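Accompanying notes for the structure given below.
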Amino acid sequence: MKTQRYSPSTERSKITYALWGLGIIAFIAVLFFSGMYIQIMGEKTDTYNQSEQQALNQTELSSVHHVSRYHGPIRYDIVAGVTKEGKKGYAFIPKDTEQANISYVALSDVLTEDSMKQQWQSTCNACELIDIIPAHDGSIPLWEVTFTDSNERYAIQTFNMKSGSKVDTFYFRR
């Protein structure tokens with residue numbers, strides 16, 4: 001029986017084993033974090049269907065156009081829709097409390113997103129708008145305006161939806 005002689009060229013190097021090991025670890029890490037990401041994104045929208053049904057059953061809304069999430073002192077699902085009469089509105093459905101005290105706001109009773117944008121732009125000329133979203137702070141429906149100001153700070157201002165008055169402002173350095 002022939003035995004192969006030892007030669008450095010026929011022996012697998014430690015680098016090869018290390019690279020295979022790192023490759024396997026990287027593959028397992030990608031699978032793990034992909035699964036975690038999919039699960040988190042699924043949980044993020046889990047309550048949307050329930051909130052949609054609550055809005056249709058407990059408010060004036062007859063059809064739903066969009067559901068979004070607002071994270072304030074209390075987490076809210078915000079359901080945007082239309083009534084049977086064709087009026088647009090928002091239903092604010094709290095998700096962190098046992099008692100779901102749903103509030104509804106018709107857009108005809110508050111400042112629209114466009115009028116809020118115009119009001120905000122008149123007070124902040126050198127700012128760059130990022131987004132305007134509906135928000136809720138306990139008992140007050142709000143508009144949350146996100147922007148960068150002239151000092152290159154990231155800022156969030158909240159305004160009362162009904163009166164347009166400023167409620168709060170937060171600035172963050174980049």
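Note that the structure is a prediction, hence the values are computed from the model and not measured.
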Mind checking the [atom1]-[atom2] spacing from [X] to [Y]? Nearest 0.5 Å is all I need.
| X | Y | atom1 | atom2 | value |
| --- | --- | --- | --- | --- |
| I24 | L19 | CD1 | CG | 11.0 Å |
| T148 | E128 | OG1 | CD | 4.5 Å |
| M161 | M116 | CE | CE | 10.5 Å |
| S51 | N49 | OG | CG | 9.0 Å |
| T47 | D77 | OG1 | CG | 3.5 Å |

Less than 4.5 Å apart, any side-chain heavy atom of [X] and any of [Y]?
| X | Y | result |
| --- | --- | --- |
| Q39 | E43 | yes |
| R153 | Y171 | yes |
| K162 | L111 | no |
| T169 | I156 | no |
| F159 | Q157 | yes |
| V79 | I93 | yes |
| I78 | R69 | no |
| Y48 | E52 | no |

Quick one: sort the [X] and [Y] rings into parallel, tilted or perpendicular, breaks at 30° and 60°.
| X | Y | answer |
| --- | --- | --- |
| F172 | F170 | parallel |
| W143 | Y90 | perpendicular |
| Y76 | F92 | perpendicular |

(message) Does either side chain, that of T146 or that of D131, offer a donor lying less than 3.5 Å from an acceptor on the other one?
(response) no

